[in-house]
Amino acid sequence: MTNIDTTKPVLVTGATGYVAGWLVKKLLEEGCTVHAAVRNPDKKEKLAHLDAVAAKAPGTIKYFKADLLTPGAYKEAMEGCELVYHTASPFTYDIKDPQKELVEPAVQGTTNVLETANVVPSVKKVVVTSSCVSIYNDATDAKDAPGGVLNEDFWNNSASLDYQPYSLSKTLAEKKAWEIAKNQDRWELVTINPSFVLGPPLNPTSNSSESMNILKQMGDGTYKSGFPKLSVGMVDVRDVAEAHYKAGFVPQAKGRYITSGHNTDFYEMGMALREKYGDQLPLGKGAVPKWLLMIMGPFIDKKLSRRFIKNNMNVPLKLDNSKIKKDLGMTFRPMAQTMQDGMQALIEEGIVKTK
Ligand code: NAP
């Protein structure tokens, strides 16, 4: 049980990010003082959406410069904070060297932030943004789970630098977080493990998250021949922010939390877009057959390797979200709202063009 004083500043690492943007908004609207740690505070265009939110909210925002790979970089931003949100970690498939570009920032960054918590006496709780990819690698992993349902007891044990390196980075980073947390007893660790996050970005034009690339692909004709039944858990970015907020401020929040609204697949997500944009966007009507995706997948997207398609297409995925509903009282938005609000934001910014 950890009670957080709402009048103390709250640190958010990676505050420029897609997920962090909505968390910072929530904190500012609740009247918190947010210490926003960003890689480069001089890039004003990456902060404009946060400044706009802060201008209308009762809380205040203060920026700090910090890079995950610089030891001690987060100390100044953490001073005086009881609550630390560690969201910063690269989420991209556009990489050449997975060790350097994904694993090192994820693991060294988590080590850096949590070791800083060890030397900043005000810290009482750290909420780390992990992922459902720390729980499973492929939908086929559910075969080892009772009733085929994956819960917080599971760990991804098959990601590697060659196959799903982003998932490897998140798994190793979360394991490191628990290791550091267990070696001390002043602050508590809680992890939020979101599935695939979608929904409207606060900063559509300056966003590096892979979520945005995939949403853009769903509207730009990449799937005009049909959507694959590739299984995925999905959750609205606004619900992910709410989950972070509750994990921080609900005193009994404890352990890992699968943060996933829906067990679904790309076909169902595509159909949710067709409901609203069937006449305006080049959206496929049906499901792409597995054999076709096996041939075409690797050309559409690097992530769609044949192994990935084999292990995730037409394989049901069941992520159990009951713990976060019970402990933190979370509810999740309907999938269609998430898909349509997200696409609408990209259309309004001219990132996805309508006919
Ligand atoms: P994002 O928009 O790309 O945010 C990533 C953040 O990490 C950015 O603020 C980025 O800063 C920061 N960052 C990256 N490398 C850094 C470095 N070396 N030093 C300091 N900051 C660095 O992606 P996102 O989707 O919001 O992801 C945020 C978190 O959620 C990540 O931990 C991700 O693994 C997790 N997550 C995301 C999803 C999803 O579907 N989106 C699902 C589960 C978990 P810059 O702006 O300077 O690049």
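Indexing begins at 1, ligand by ligand and atom by atom, following the structure's order.
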Inset, instruction - Quick one: look up the protein heavy atom nearest atom 43 (C) of ligand 1 and list residue, atom name and how far away it is. - result: P194 O, 3.4 Å
Inset, instruction - Answer yes when R333 and D341 have at least one side-chain N-carboxylate O distance shorter than 4.0 Å, and no when they do not. - result: no
Legend entry - Subset of ligand 1 atoms that lie under 4.0 Å from at least one heavy atom of K46: 45 (P), 46 (O), 47 (O), 48 (O)
Legend entry - Under 3.5 Å side-chain donor-acceptor pair for E348 and Q344: yes
Legend entry - Minimum-distance protein heavy atom relative to atom 21 (N) of ligand 1: A88 CB, 3.9 Å
Inset, instruction - Would you mind listing which atoms of ligand 1 come within a distance below 4.0 Å of any non-hydrogen atom of A66? - result: 20 (C)
Inset, instruction - Provide, to 0.1 Å, the distance between atom 18 (N) of ligand 1 and the closest protein heavy atom, together with that atom's residue and name. - result: D67 OD1, 3.3 Å
Inset, instruction - Take every heavy atom of G109, measure it against each atom of ligand 1, and state whether any distance is under 4.0 Å. - result: no
Inset, instruction - Look only at interatomic distance and state if L68 has a nitrogen or oxygen under 3.5 Å from any nitrogen or oxygen of ligand 1. - result: yes
Inset, instruction - Look at atom 23 (O) of ligand 1 and say which protein heavy atom is nearest, naming residue and atom and giving the distance to 0.1 Å. - result: S209 CB, 3.4 Å
Inset, instruction - Give a yes or no on whether K56 atom NZ has more than 12 heavy-atom contacts from other residues, nucleotides or ligands under 6.0 Å away. - result: no
Inset, instruction - Check each heavy atom of S89 against ligand 1 and say whether those closer than 4.0 Å belong to the side chain, the backbone, both or neither. - result: both
Legend entry - Side chain, backbone, both or neither: the part of C132 lying under 4.0 Å from ligand 1 by heavy atom: neither
Legend entry - Side chain, backbone, both or neither: the part of Y74 lying under 4.0 Å from ligand 1 by heavy atom: side chain
Inset, instruction - Assess whether atom CD of E76 is packed by more than 12 heavy atoms of other residues, nucleotides or ligands within 6.0 Å. - result: no
Legend entry - atom 44 (C) of ligand 1: nearest protein contact (heavy atom, Å): S130 O, 3.1 Å
Legend entry - K254, NZ: over 12 other non-hydrogen atoms inside 6.0 angstrom: no
Legend entry - Salt-bridge criterion met for E29 and K26 (N-O under 4.0 Å): no
Inset, instruction - Please identify which atoms of ligand 1 are closer than 4.0 Å to at least one heavy atom of G14. - result: 9 (O)
Inset, instruction - Report, in ascending order of atom number, the atoms of ligand 1 lying under 4.0 Å from any heavy atom of S211. - result: 39 (C), 40 (O), 41 (N)
Legend entry - NZ/K276: more than 12 non-hydrogen atoms of other groups inside 6.0 Å: yes
Inset, instruction - Run the numbers for me: atoms of ligand 1, each under 4.0 Å from some heavy atom of F196, listed by number. - result: 40 (O)
Legend entry - G17 N/O under 3.5 Å from ligand 1 N/O: yes
Legend entry - N112 side chain vs T70 backbone, donor-acceptor pair below 3.5 Å: yes
Inset, instruction - Would you mind running through ligand 1 and noting each atom that sits below 4.0 Å from a heavy atom of V19? - result: 26 (O)
Inset, instruction - Would you mind telling me if ligand 1 is within reach of the side chain of E210, the backbone, both or neither, using heavy atoms under 4.0 Å? - result: neither
Inset, instruction - Look at atom 33 (C) of ligand 1 and say which protein heavy atom is nearest, naming residue and atom and giving the distance to 0.1 Å. - result: Y166 OH, 3.4 Å
Legend entry - Close side-chain approach of Y136 and L319, heavy atoms under 4.5 Å: yes
Legend entry - Selection from T110, T16, T129, T70 by shortest heavy-atom distance to atom 46 (O) of ligand 1: T16
Inset, instruction - Go through the steps for K124 and K8 under the test side-chain contact (heavy atoms from CB on, under 4.5 Å), then give the verdict. - result: CA-CA 11 Å; K124 289 184 172 176; K8 297 280 169 65; over 6 Å; no
Legend entry - Proximity flag A106 to ligand 1, non-hydrogen atoms under 4.0 Å: no
Inset, instruction - Could you tell me whether the side chains of S160 and D162 share a donor-acceptor contact shorter than 3.5 Å? - result: no
Legend entry - Minimum-distance protein heavy atom relative to atom 47 (O) of ligand 1: R39 NE, 3.1 Å
Legend entry - Closest protein heavy atom (residue, atom, distance) for atom 38 (C) of ligand 1: V197 CG2, 3.6 Å
Legend entry - NZ (K216) with more than 12 external heavy atoms under 6.0 Å: no
Legend entry - E152/K323 ion pair, N-O < 4.0 Å: no
Legend entry - ligand 1 contacted by S195 (non-hydrogen, < 4.0 Å): yes
Inset, instruction - Before accepting this row, confirm whether a basic side-chain N of the pair E179/K175 lies closer than 4.0 Å to the acidic partner's carboxylate O. - result: no
Legend entry - Donor-acceptor side-chain pairing of D320 and S322 below 3.5 angstrom: yes
Legend entry - Contact check, T87 vs ligand 1, heavy-atom distance below 4.0 Å: yes
